[in-house]
Protein chains: 2
Amino acid sequence: MTGIVDVAARAGVSVATVSRALRGLPGVSAATRQLVQDIAAELGYVASPSAAGLPTGRTGAVAVVSPIARGWYFTAVLEGAQEVLAQHGYDVLRYDLSEVETNRRKVFDTQLLRKRADGLLIMSLPLDADEVAALHAMHRPVMVVGPIVPGIPTIRVDDVEVGRQATRHLVELGHRSVAFAGGDPDDHLGFPVSPDRRLGYAEVLREAGVEPDPRLTVPAKFTVEAGIAAYEELASRDVRPTALFAVSDEVAMGVMYAARQRGVRVPEDLSVIGVDDHDMSWLFGLSTVAQDVREEGRLAAMALVERLRSGIDTEPSITTVPTELIARTSTAPPR
Amino acid sequence: MTGIVDVAARAGVSVATVSRALRGLPGVSAATRQLVQDIAAELGYVASPSAAGLPTGRTGAVAVVSPIARGWYFTAVLEGAQEVLAQHGYDVLRYDLSEVETNRRKVFDTQLLRKRADGLLIMSLPLDADEVAALHAMHRPVMVVGPIVPGIPTIRVDDVEVGRQATRHLVELGHRSVAFAGGDPDDHLGFPVSPDRRLGYAEVLREAGVEPDPRLTVPAKFTVEAGIAAYEELASRDVRPTALFAVSDEVAMGVMYAARQRGVRVPEDLSVIGVDDHDMSWLFGLSTVAQDVREEGRLAAMALVERLRSGIDTEPSITTVPTELIARTSTAPPR
DNA sequence: CTGAAAGCGCTTACAG
DNA sequence: CTGAAAGCGCTTACAG
């Protein structure tokens, strides 16, 4: 392992000069800097993050935390974030909270994370008050992608508007009996995504002179399986909507699957629209309200890097990324 | 930040004793160990990885490298690996090589990675001789998931057998005119996955008395788009196979999509089978040769942890994970 | 512009 | 079983 002393010896300068030259600090003559850089390159020298981190307290890594390890949404955010973070020389430390409570505690352990990462990127995670407090106690810059968390800068989409866009599309096609699949009855933390999307849905329906029918709302978490269950639940009720707005594309895929299993044609008998523009949605001809999730990851990472660089903790800001209706073949006028 | 001296002071022992007590080293009385553990817990003390890493040369992190950031396969391997790694207290450092050559060099930079991670998990990446050499020069345990790399332990599936299983299913259904979609004409590193699967395909066909027809093989990388292009290419040729074996489920999905666009029914006019059992495959009723990708990630991580713990570098071994045919509704006897 | 030296927070022989 | 001390490889005031 080549160390800083090897470079210094070879260049005939002190290790202090090597350190300064390589990190672009002022107070090094152009000639010396060039010499040191050349020798470092020749020797393939890279400073050890451990050693550099001890005196500075910086790790050179950013922790990216998601509720579960996989899922289209999380990997897309991660991809965008990783791209930016890598460009700026940060390592990406990956954590997920799927391993029950123990992992969750670990991630919100002030000391643990503080000693491992310079900053934190949290995806779409409902946080309780203790966890928010722990994050602040960390004294590290934190960014959230998804829900608004008090006191923490957020990159998000306007979920009420998402609900409006989806429902408006259906209403404009002529639908008046529109179901909504979304909302997690097990959520006790008040995760606002589904409720907000439903708010936009109800608002647009009322504008069209339709009072939302509670029997047309069925709960669904963000999975294909939940979409199937949601459709089954709906079919078991005494209602026959002509359209359905699903809280995510994966839910919409489940709904389409279950509907077709029962011989209900999409879009002839039932129009279906989702949210996200999941990688696979176009394959299903699924109409959707698209969000640019990679871009959300990128923006969050850029903001984080900015705060890491400047050392200034700006006011917690909320950046709203626009969403866009994409009409495909899963929606059509009612017959 | 609570440091080891704080714990030592509070416990009335030396930092050496704290260090030993907390890491479970021998030579500490039960009573002292208990006392130190209690105080550490009370203070929320965690050793700084940077500080611990300096004297030991260990980072406590494992780097997980994939060719691209996303994709069902890579995230599934990562999920399995991360589960095991987290259980054993290792941090996961995530690298991907999508950022062109510069990133690739970075990852194979002996010094850089060596100073950041204790071990390396490489996914499905064709490596050239220089890269393999760099990996060895790193003197860190390396595991590969996917292709066999000389001198490096591998977790893999038997791709020739995969080809056999898929083709045998089609042949047993009665198909004799079977197409193959797979193989990347741009690959100059001899990535063996597609060729091996095609080998199994050809073998089973010959056993059934059918000489593989070169016109029935169309190239396709591992994407849905490639599957669409592959079907288009096939349709443009003067052949009408009754079945198609796609090198992956995503390719198969593209083939099914393109076929249906042209009014070709699956499975009535064309049986389609893929490989992987992708999360979404059941939604398409896609028959497939399933591999347990999470398990591959888990096994690789377990082997890596084992080598990290023992410090013994065992002989490079090759572990083959079994694959299994899942027949769904995309395959049927020819009409 | 440059260097000598202290110090970051741990681990690990070495002594006792 | 326990502690004092050296040392890991850097960075950063402080001096010159």
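Everything quoted here is computed from the prediction, not taken from an experiment. The chains referred to below are lettered A, B, ... by the order of the sequence lines, with proteins before strands, and numbering in each begins at 1.
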May I have all residue pairs that pass ring pair (Phe, Tyr, Trp, His ring centres under 6.0 Å) and include part of residues 17-72 of chain A, sequence neighbours excluded? A:W72-A:H278

Let me confirm one number: the [atom1]-[atom2] distance from [X] to [Y], rounded to the nearest 0.5 Å.
X	Y	atom1	atom2	value
B:L22	B:I4	CG	CD1	7.5 Å
B:L125	B:M123	CG	CE	10.0 Å
A:K115	A:T59	NZ	OG1	13.0 Å

Please enumerate all protein N or O atoms sitting under 3.5 Å from an N or O of nucleotides 9-12 of chain D, with distances to 0.1 Å.
residue, atom, partner, partner atom, Å
D:dG9, N2, A:A51, O, 3.2
D:dC10, OP1, A:Y45, OH, 3.4
D:dC10, OP2, A:I4, N, 2.8
D:dC10, O5', A:Y45, OH, 3.0
D:dT11, OP1, A:R23, NE, 3.3
D:dT11, OP2, A:S19, OG, 2.3
D:dT12, OP2, A:R23, NH1, 3.1
D:dT12, OP2, A:R23, NH2, 3.4

Just do the side chain to side chain contact (heavy atoms under 4.5 Å, CB included) check on B:E296 and B:V157 with the steps written out, would you? CA-CA 9 Å; B:E296 292 169 43; B:V157 298; 3.4 Å; yes

Find out whether B:M143 and B:T154 are in side-chain contact, i.e. whether some heavy atom of one side chain is under 4.5 Å from a heavy atom of the other.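 No, side chains not in contact.
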
Base-pair map of DNA chain C as dot-bracket, where | denotes pairing with a different strand and pairs are Watson-Crick or G-U under 3.5 Å: |||.||||||||.|||

Decide whether B:R23 and B:S19 meet the rule of one side-chain donor and one side-chain acceptor closer than 3.5 Å. yes

